[in-house]
Amino acid sequence: MIEKVLKSVEKLDRKISELEKKAAGETDELVETAFKYDEILEGIEDEYEAWEAQGIEIGKLKKMRDCLLSECEELSPDEKVFLARHPLRPHIEDFIEGLFTDFFEQKGDHLFDEDKSIYGGIARFHGIPVTVLGHRKGHTVEENMAYNFGMPCPEGYRKALRLMNQAEKFGRPIITFIDTPGAYPGLEAEEHGQGEAIAMNLAKMSQFHVPIIAVVTGEGNSGGALAIGVANKILMLENAVYSILSPEGFASILWKDADRHKEACKLMKLTAADLLKDGVADCVIKEPVGGAQRDYKEVFKNLDKELYSNLKELMALSPSGCKKNRQMKYRKIG
Amino acid sequence: MGTFLDSLSFPARVRKDIGEVLLKKDKEPVFITCKACNRRALKQEWKKNYYVCPVCGNYRPIGAYYRLSIILDKGTFKELNEDLKAKDPMDFPEYQDKLKRQTEKTGLPEAAVTATGKINGHKVVTIVLDSRFFMGSMSSTVGEKVTRAVEYATEKCLPLIIFSASGGARMQEGIFSLMQMAKTAAAIEEFNAAGGLYISFLTHPTTGGVTASFASLGDITLAEPGALIGFAGPRVIEQTIHKKLPKGFQRSEYLEAHGFVDKIVPRSEMRDTLIQLIELHSK
């Protein structure tokens, strides 16, 4: 349902911006290029001509769009999963560019390999030096392949731990961005000790004295998410999801039928609102209606505010108080 | 070989479990058929062999109390938090009925048994996951029992021995199951920081969230022969990489060869190996 609505909204958005540009006396050329570039919008040419023939004007189109968008105000859990995985959703590179300055990327686990599915380094947040890292999915298919769709191998977790150990050494707060389908179920990943790598991150993160804030921006699934997610505070974007396993995997284990994933979504209590109620998430970041991909700036503004106030709160704690605070968050669950 | 078997000093509630580790499915009371080689052997022979097939040497899963009766000194078993029952934090459909059936089948309230006892006179804290209950999966109560037992070991400065056996997360408890990984790993790391000895004993099968938390954090890691040990299941890996997995992949011997296990220990040598390690670490 939401998929169709969003496609129509995107079409309307394009037409509106084109008409606006025309009205402002700009050339059509730019719009025309953008048009051909985006192959997602099937059949757009036909509709475009139809609109042209009808001579529809901006105001009416905007009304149509807003009417469609109102469908997105109340979303079901599976619709949120769709948005959480939207290819145009802001990813780690976008968040780093939008919220941090002075970013210096650090690569490799310095043991064996450079796992590109984890991206991170040192940066400033409101002038404060921090270590920032997270899962990297990429926006295009080529990027997706290069970053293994955001599914880390053990080397990725070990790289994350290397960066976090340095943060602990230099007293820098740690901010992590979670967006992964889960750990990578591959042969080498197992041979190189995927279980050990995740376990080690959980153990070490529980001991750090610096503040850790995890932001679930898209989908957070399984040990692959938790391995960089043991935090004092867990913030979640409104349409992000966080769960034990992907809904497809969940349905496959429980009912031996991955096609029942929508049904699984309903039972899994994986939305930000559910997790806030359950005390796992500490804060939900508002997204524009229709999803974060519709307006990055608004998402950054809302996230920046909460991230800063949560960080300030944690930085006021003593180092041992900060460690205790994190341990207690998990000790209380179950 | 001084391997122990002590059933009489366990409470009556669990004594039956020690004598009868076999599932009720086994119809023949005198003979037991091996699931690996399909050959039959006398039940007495199996018992003498700690339920390792007398013909082919395949390991049969054993219950938590039976395992404890093999390793603990006579009369020293004392269970911790035995009354903690499974919860249903997500109101998951049919979960409570399933739990009830698991308890009826095994007599256990949850998949973890935690206890103190002595091994050759040395007091220890020990945790055993029982694969007969919900495949030893990690529920919030399993996580809580493990955490409490580890905290007890930290407080009393006792060596900690955990026998893992788990199919992974308990799906019906969703995110609460996942968070137990962070909770138990944190407890182990506090124990570690206090200087305690943790022996992680991996038994068939140790997978998923248990592998990716406390089971992989031992000072010494031991494994039973032929146990399946890994994070992702072999079926999922084959579906992902579209290739057949090598022979023996994710078995104890494979993990030993790839550097994740200190020693593979047969059931008959389990107690002696633990004694050796505990005494090497005694001050």
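Just so you know, these numbers come straight off a predicted model, no measurement behind them. Below, chain A is the first sequence line, B the second, and so on; all start at residue 1.
- Panel note: side chain Glu190(A), backbone Ala232(B); a donor-acceptor pair is recorded below 3.5 Å.
- Contact annotation for Glu151(B): only side-chain heavy atoms (C-beta onward) come within less than 4.5 Å of a heavy atom of chain A.
- Residue Leu267(A) holds its CG atom at 4.5 Å from CZ of Phe92(B), rounded to the nearest 0.5 Å.
- Taking all atoms of both residues into account, the shortest heavy-atom contact from Phe249(B) to Glu191(A) is CE1-CG, 4.3 Å.
- Here the CG-CD distance, from Leu217(B) to Glu196(A), works out to 7.5 Å after rounding to the nearest 0.5 Å.
- Of the charged side-chain nitrogens involved, none lies within less than 4.0 Å of a carboxylate oxygen, so that Arg331(A) and Glu190(B) do not count as a salt-bridged pair.
- Listed here is the closest heavy atom pair of Ser140(B) and Gly334(A): CB-CA, 3.6 Å.
- Separating the NZ atom in Lys329(A) from the CE atom in Met179(B) is a distance of 7.5 Å, to the nearest 0.5 Å.
- At a 4.5 Å heavy-atom cutoff, the contact between Lys323(A) and chain B is made by side-chain atoms alone.
- The minimum heavy-atom distance between Pro246(B) and Leu187(A), with the atom names listed, is CD-CD1, 3.5 Å.
- Interface remark: Gln207(A) contributes side-chain atoms only to the contact with chain B (heavy atom separation under 4.5 Å).
- Listed options Leu245(A), Ile253(A), Leu254(A), Val230(A) were ranked by heavy-atom pairs under 4.5 angstrom with chain B; first place goes to Leu254(A).
- For the pair Leu202(A) and Ser213(B), the tightest heavy-atom approach, listed with the atom from each and the gap, is CD1-CB, 4.3 Å.
- Between chain A and the options Gly259(B), Ala182(B), Pro234(B), Ala193(B), heavy-atom pairs under 4.5 Å are most frequent for Ala182(B).
- Nearest heavy atom pair, residue Pro185(A) against residue Ile241(B), reads O-CG2, 4.3 Å.
- Heavy atoms only, all atoms of each residue included: Phe260(B) and Gly193(A) are closest at CZ-CA, 3.3 Å.
- For the pair Lys269(A) (side chain) and Gly174(B) (backbone), a donor-acceptor distance under 3.5 Å is absent.
- In terms of heavy-atom pairs under 4.5 angstrom with chain B, the leader among Ala225(A), Gly229(A), Gly186(A) is Gly186(A).
- In this structure, chain A has heavy atoms under 4.5 Å from both the backbone and the side chain of Ser177(B).
- Looking at Met268(A), the atoms closer than 4.5 Å to chain B (heavy atoms on both sides) all sit in the backbone: N, CA, C or O.
- Within the 4.5 angstrom heavy-atom criterion, only side-chain atoms of Leu275(A), from C-beta onward, approach chain B.
- Per-residue heavy-atom pair counts under 4.5 Å with chain B were compared for Asp278(A), Asn201(A), Asp274(A), and the maximum is reached by Asp278(A).
- With chain B as partner, the option from Gly182(A), Ser206(A), Ala199(A), Ala227(A) having the largest number of non-hydrogen pairs under 4.5 angstrom is Ala199(A).
- With a threshold of 4.5 angstrom between heavy atoms, Leu226(A) approaches chain B through side-chain atoms but not through N, CA, C or O.
- Note that the CE atom of Met171(B) and the CH2 atom of Trp255(A) stand 11.5 Å from one another [nearest 0.5 Å].
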